[in-house]
Peer 1: 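My structure is below; once you've seen it, I'll send some questions.
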Amino acid sequence: MPELVFFSGTMDCGKSTLALQIEHNRSTRGLQGMIFTRDDRAGAGKLSSRLGLVTDAVEAAEGFDFYAYLVAHLSQGNRADYVIVDEAQFLAGEQIDQLARVVDDLELDVFAFGITTDFRSKLFPGSQRLVELADRVEVLQVEALCWCGARATHNARTIGGEMVVEGAQVVVGDVNQSPDEVGYEVLCRRHHRRRMTAAAAHAGALSPDVLPVDPSSLADSVSRPPSSRA
């Protein structure tokens, strides 16, 4: 039976890479898929991975109707054996409903890839609807890591290395932006709660007040011989 499958995870955990791998595996077996994306880092109409892989895709802009597009595509004698949708978190709830209808009425597998929560730890509308409707939700097993080495579970938006918690939900950026641009960083829950990015942690480690101890007292304790009891 065809399925609507939601592959979720934080940024930097290989979602787009897996989408491209699924496309490769199925196309090499003679199947033909339709690839959609929204606001990819490589630009409109592209599905790209941070590993440098990229392929053409249909840009699913605001108001795009997946079901109508695929019905028209098939009605013109074209073929579609499965559907891949990247950056699905940016889609509206109604568009996720359309993807579910593609599975149920057109009997096509739909593989959707997206981030579950935004930089404020709030569910994206598209991701929320996918969790509600998907036949399966798969959490990617390639773990992104926080700067501290713990498993990253949260996405942080940064400006100048500082974490921000206000602003529009969707601002396209990447984890490798220059410090002055809007960027993103993956953090563990602890450091997301403390708003401690890698830059902030580095600044804290260089602070002269990290260990508020008088150096002269340390010198005295080293030079003073240990006391003894009779």
Side-chain angles (χ1 to χ4, degrees), residues 1-61 64-91 95-116 124 126-127 129-145 151-153 155 172 174-176 186:
M1 295 292 291
E3 290 185 306
L4 172 58
V5 186
F6 179 35
F7 294 92
S8 70
T10 62
M11 297 182 72
D12 230 9
C13 73
K15 295 182 300 301
S16 297
T17 302
L18 178 58
L20 290 164
Q21 184 67 54
I22 289 176
E23 161 62 14
H24 171 76
N25 290 352
R26 291 183 170 241
S27 64
T28 56
R29 293 296 179 264
L31 300 176
Q32 294 182 20
M34 292 293 299
I35 303 175
F36 300 90
T37 190
R38 173 82 174 269
D39 293 337
D40 188 272
R41 68 184 72 84
K46 298 291 181 183
L47 191 166
S48 66
S49 163
R50 291 189 179 87
L51 297 182
L53 304 172
V54 62
T55 191
D56 292 330
V58 177
E59 184 74 12
F64 182 87
D65 190 322
F66 287 94
Y67 184 80
Y69 184 95
L70 283 160
V71 166
H73 177 81
L74 295 169
S75 298
Q76 293 168 9
N78 298 307
R79 182 178 168 188
D81 298 309
Y82 58 94
V83 174
I84 290 175
V85 183
D86 198 25
E87 306 295 355
Q89 73 273 6
F90 296 145
L91 301 178
Q95 292 175 308
I96 305 302
D97 290 341
Q98 294 160 13
L99 293 175
R101 189 179 179 191
V102 167
V103 175
D104 296 339
D105 295 357
L106 303 183
E107 298 186 345
L108 300 178
D109 283 316
V110 174
F111 305 103
F113 300 80
I115 298 167
T116 308
F124 281 101
S127 300
R129 194 60 178 146
L130 276 165
V131 170
E132 292 167 349
L133 291 183
D135 297 292
R136 286 190 290 128
V137 177
E138 301 281 353
V139 178
L140 269 66
Q141 298 304 307
V142 177
E143 295 184 351
L145 298 178
R151 178 173 177 261
T153 54
N155 305 293
V172 178
D174 204 351
V175 294
N176 297 314
V186 290

Peer 1: What distance do Asp56 atom CG and Thr37 atom OG1 have between them, rounded to the nearest 0.5 Å?
Peer 2: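 Atom-to-atom, Asp56:CG and Thr37:OG1 are 11.5 Å apart.
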Peer 1: Side-chain contact, heavy-atom cut-off 4.5 Å: Ser127 with Ile115?
Peer 2: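 A side-chain contact under 4.5 Å is absent here.
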Peer 1: Under a 4.5 Å cut-off applied to non-hydrogen side-chain atoms, are Phe36 and Gln95 in contact?
Peer 2: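 No. Closest side-chain heavy atoms not under 4.5 Å.
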Peer 1: How many angstroms lie between atom CG of Leu18 and atom CG of Asn25, to the nearest 0.5 angstrom?
Peer 2: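 These two atoms lie 9.0 Å from each other.
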Peer 1: With a 6.0 Å cut-off (strictly less than), is the heavy-atom count around CZ of Arg29, excluding the residue itself, greater than 12?
Peer 2: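 Count not over threshold, so no.
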Peer 1: Give the intermediate values and the outcome of side chain to side chain contact (heavy atoms under 4.5 Å, CB included) for residues Lys46 and Val54.
Peer 2: CA-CA 7 Å; Lys46 298 291 181 183; Val54 62; 4.2 Å; yes
Peer 1: Heavy atoms, side chains only, cut-off 4.5 Å: are Ile96 and Phe6 in contact?
Peer 2: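 Sidechains of Phe6 and Ile96: no contact.
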Peer 1: What about the rings of Phe64 and Phe66, do their centers lie closer together than 6.0 Å?
Peer 2: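 Aromatic pair counts; centres sit under 6.0 Å.
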Peer 1: Taking His73's backbone N and O only, do any of them form a donor-acceptor pair with Asn78's side chain (distance below 3.5 Å, no angle check)?
Peer 2: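 Answer holds: yes.
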Peer 1: Quick check: does any side chain N or O of Glu59 sit under 3.5 Å from a backbone N or O of Arg38, one acting as donor and the other as acceptor?
Peer 2: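 Such a contact is absent between Glu59 side chain and Arg38 backbone.
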Peer 1: For the pair Leu108 and Asp81, evaluate side chain to side chain contact (heavy atoms under 4.5 Å, CB included) and give the outcome as yes or no after the intermediate values.
Peer 2: CA-CA 6 Å; Leu108 300 178; Asp81 298 309; 5.6 Å; no
Peer 1: Give, for atom CG of Leu74 and atom OH of Tyr69, the distance between the pair rounded to the nearest 0.5 Å.
Peer 2: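 Answer for the CG-OH pair, Leu74 versus Tyr69, is 10.5 Å.
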Peer 1: Just so I know, are the side chains of Thr55 and Glu23 near enough to count as touching, which here means a heavy-atom distance under 4.5 Å?
Peer 2: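 No, their side chains stay 4.5 Å or more apart.
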Peer 1: Quick one: pull up CG in Leu47 and CZ in Phe113 and give me the separation to the nearest 0.5 Å.
Peer 2: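 Rounded to the nearest 0.5 Å, the CG-CZ separation comes out at 8.5 Å.
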Peer 1: Would a 4.5 Å heavy-atom cut-off, applied to side chains only, mark Leu130 and Val137 as touching?
Peer 2: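 Of all side-chain heavy-atom pairs linking Val137 with Leu130, none is under 4.5 Å.
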Peer 1: Specify the closest pair of heavy atoms between Met1 and Asp109, including all atoms of both residues, with the distance to one decimal.
Peer 2: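 Distance-wise, the nearest heavy atoms are O-OD1, 4.2 Å.
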Peer 1: Looking at every non-hydrogen atom in both residues, tell me the closest pair between Ile84 and Ala19 and how far apart they are.
Peer 2: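 Shortest heavy-atom separation between Ile84 and Ala19 comes out as CD1-O, 3.6 Å.
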Peer 1: Cation-pi check, Arg101 to Tyr67: give yes when NZ or CZ is under 6.0 Å from the six-membered ring centre and within 45° of the ring axis, no otherwise.
Peer 2: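 That pair qualifies as a cation-pi contact.
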Peer 1: How long is the straight-line distance from CD of Gln89 back to OG of Ser8, given to the nearest 0.5 Å?
Peer 2: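 The distance works out to 10.5 Å.
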Peer 1: Spell out, as yes or no, whether a donor-acceptor pair under 3.5 Å connects the side chain of Asp135 to the backbone of Val5.
Peer 2: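 A pair under 3.5 Å: no.
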Peer 1: Can you find a heavy atom in the side chain of Leu91 that is under 4.5 Å from one in the side chain of Leu99?
Peer 2: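 Yes, close enough: below the 4.5 Å cut-off.
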Peer 1: Side chains of Gln98 and Leu70, heavy atoms from C-beta outward: is any pair under 4.5 Å?
Peer 2: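 A side-chain contact under 4.5 Å is absent here.
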Peer 1: Taking all non-hydrogen atoms of both residues, which atom of Val139 and which atom of Arg151 are closest, and how far apart?
Peer 2: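 Smallest heavy-atom distance, with atoms named: CG1-NH2, 4.1 Å.
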Peer 1: Rounded to the nearest 0.5 Å, how far apart are CG of Leu53 and OG of Ser16?
Peer 2: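 With rounding to 0.5 Å, CG (Leu53) is 10.0 Å from OG (Ser16).
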Peer 1: Looking only at heavy atoms, what is the nearest atom pair of Glu107 and Asp104, with distance?
Peer 2: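 Minimum heavy-atom contact is CG-O, 4.1 Å.
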Peer 1: With side chains defined as the heavy atoms from C-beta onward, is the minimum distance between Pro2 and Tyr82 less than 4.5 Å?
Peer 2: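 No, every pair of side-chain atoms sits at 4.5 Å or beyond.
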Peer 1: Which heavy atom in Gly114 sits nearest to a heavy atom in Lys15, and how many Å separate them?
Peer 2: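 Here Gly114 and Lys15 meet closest at O-CD, 3.3 Å.
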